[in-house]
Enquirer: 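Sending over a structure as structure tokens; questions will come in a sec.
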Amino acid sequence: MREATTKSAGSIAELQPELESIVESAGCELVHAEVKGGILRLFIDRPEGVSLGDCEHVSKLASAWLDVVDFGQSRYVLEVSSPGLDRQLYRARDYARFVGRKVRVTMDDPETRRKRTVVGRLEAFDLPAGAPEGEARVVVVAEPKGERHEVSLRDIRQARLEIEL
């Protein structure tokens, strides 16, 4: 964790491409970046899992770059961590990667337009070539009943992996 005081602001959207490049140079993937309550959080991953050393290395690289670009209008804390066992799924590639895993999906029901949460297996993910991410289809089979739910990625409010022991 690192504290800094800076003068000018930059949005996460503006910083994201460079942060992704920094994280990739450390052999990791930037899963998600967010700013909440004066904390800049970077969630990183790699296929074999993230170590404390990976987080430290990315923190040093990102911190140096953020100092150069004068990130933030006031004090902030930089946190770099793994997404955790119950990681949130943010992008199409997250859904594709975790097909077959147990998930908790909160969505807008396509028929009723009401919020609904389903826990089950991520059975399928389909993104037709050239289609925007929002057009992707996600299939979740609810446990234990076996109900099949097919939903557009744009209708998903939040999806997380469920911890399986």
Enquirer: Applying side chain to side chain contact (heavy atoms under 4.5 Å, CB included) to Lys115 and Met107, what does each step give before you reach the verdict?
Expert: CA-CA 6 Å; Lys115 181 178 154 181; Met107 63 185 132; over 6 Å; no
Enquirer: Donor-acceptor pair, Arg160 side chain versus Val103 backbone, under 3.5 Å?
Expert: no
Enquirer: Please find the pair of heavy atoms, one from Ala136 and one from Leu127, that lie closest to each other, and give the distance.
Expert: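 It is CB-CD1, 3.8 Å.
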Enquirer: Can Ile156 be reached from Leu122 by stepping across I, L, V, M, F, W or Y side chains whose heavy atoms are under 4.5 Å apart?
Expert: yes
Enquirer: In plain terms, say whether Arg101 and Glu162 are close enough for a salt bridge, that is, a side-chain N and a carboxylate O under 4.0 Å apart.
Expert: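 Result for this pair is no, no salt bridge flagged.
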Enquirer: For Leu61 and Ala26, work out which heavy atoms get closest and say how close.
Expert: CD1-CB, 4.3 Å
Enquirer: Please evaluate residues Arg154 and Glu135 with respect to the criterion salt bridge (Lys or Arg N to Asp or Glu O under 4.0 Å), reporting the C-alpha separation (whole Å), side-chain torsions for both, the decisive distance (0.1 Å), and the verdict.
Expert: CA-CA 7 Å; Arg154 75 173 156 266; Glu135 297 299 315; 2.7 Å; yes
Enquirer: Would you name the heavy atoms of Ile44 and Cys28 that are closest together and state the gap between them?
Expert: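 Closest approach of Ile44 to Cys28: CD1-SG, 4.2 Å.
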Enquirer: So, do Trp65 and Glu18 sit near enough that their side-chain heavy atoms are less than 4.5 Å apart?
Expert: yes
Enquirer: With the 4.5 Å side-chain cut-off for hydrophobic clustering, are Val23 and Tyr76 part of the same group?
Expert: yes
Enquirer: Under a 4.5 Å cut-off applied to non-hydrogen side-chain atoms, are Val139 and Phe125 in contact?
Expert: no
Enquirer: Would a hydrophobic clustering, with Ile, Leu, Val, Met, Phe, Trp and Tyr connected at side-chain separations under 4.5 Å, put Leu161 with Val119?
Expert: no
Enquirer: Do the side chain of Asp54 and the main chain of Val50 share a donor and acceptor less than 3.5 angstrom apart?
Expert: no
Enquirer: Is the closest basic N to carboxylate O distance between Arg121 and Glu164 below 4.0 Å?
Expert: yes
Enquirer: Given the rule in the side-chain hydrogen bond (donor to acceptor under 3.5 Å, both in side chains) test, do Ser152 and Asp155 qualify, once you have shown the distances and angles that lead to the verdict?
Expert: CA-CA 5 Å; Ser152 168; Asp155 291 330; 4.5 Å; no
Enquirer: Tell me, do Asp94 and Arg87 make a side-chain contact under 4.5 Å, heavy atoms counted?
Expert: yes
Enquirer: Ion pair present between Glu147 and Arg116, side-chain N to carboxylate O less than 4.0 angstrom?
Expert: yes
Enquirer: For Pro47 and Arg97, work out which heavy atoms get closest and say how close.
Expert: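 Smallest heavy-atom distance, with atoms named: CA-NH2, 4.3 Å.
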Enquirer: For residues Ser81 and Phe43, determine if any side-chain heavy atom of one lies less than 4.5 Å from a side-chain heavy atom of the other.
Expert: yes
Enquirer: Would you say the side chain of Leu30 lies within less than 4.5 Å of the side chain of Gln16, judging by non-hydrogen atoms?
Expert: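 Yes, side chains in contact.
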Enquirer: So, do Val140 and Val151 sit near enough that their side-chain heavy atoms are less than 4.5 Å apart?
Expert: no
Enquirer: Under a 4.5 Å cut-off applied to non-hydrogen side-chain atoms, are Thr117 and Val105 in contact?
Expert: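 The answer is no, as the side chains (C-beta and beyond) never meet within the 4.5 Å cut-off.
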Enquirer: Step by step, would you call Val77 with Leu40 a side chain to side chain contact (heavy atoms under 4.5 Å, CB included)?
Expert: CA-CA 6 Å; Val77 175; Leu40 170 58; over 6 Å; no
Enquirer: Following the transitive rule for hydrophobic clusters with a side-chain heavy-atom cut-off under 4.5 Å over Ile, Leu, Val, Met, Phe, Trp and Tyr, establish whether Val58 and Leu66 coincide in one cluster.
Expert: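 Same hydrophobic cluster.
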Enquirer: Got a second to check how far Arg104's CZ is from Ile163's CD1, nearest 0.5 Å?
Expert: 11.0 Å
Enquirer: Taking everything shown except Leu85 itself, do over 12 heavy atoms lie less than 6.0 Å from its CG?
Expert: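 Result for CG/Leu85: open.
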Enquirer: To the nearest 0.5 Å, how far apart are CD1 in Ile12 and CG in Leu19?
Expert: 6.5 Å
Enquirer: Is atom CZ of Arg114 surrounded by more than 12 heavy atoms (other residues, nucleotides or ligands) closer than 6.0 Å?
Expert: no
Enquirer: I'd like to know if Glu20 and Arg91 make a salt bridge, using a cut-off of under 4.0 Å between side-chain N and carboxylate O.
Expert: yes
Enquirer: Are Phe98 and Leu89 side-chain neighbours, meaning at least one heavy-atom pair lies under 4.5 Å?
Expert: yes
Enquirer: Applying side chain to side chain contact (heavy atoms under 4.5 Å, CB included), run through Glu29 and Glu24 and close with a yes or a no.
Expert: CA-CA 6 Å; Glu29 167 196 4; Glu24 286 173 12; 6.0 Å; no
Enquirer: With side chain to side chain contact (heavy atoms under 4.5 Å, CB included) as the test, would you mind laying out the steps for Arg113 and Asp109 before giving the verdict?
Expert: CA-CA 5 Å; Arg113 302 310 301 166; Asp109 187 297; over 6 Å; no
Enquirer: About how many Å separate CG of Leu42 and OG of Ser82, when rounded to the nearest 0.5 Å?
Expert: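 Between atom OG of Ser82 and atom CG of Leu42 there are 12.5 Å.
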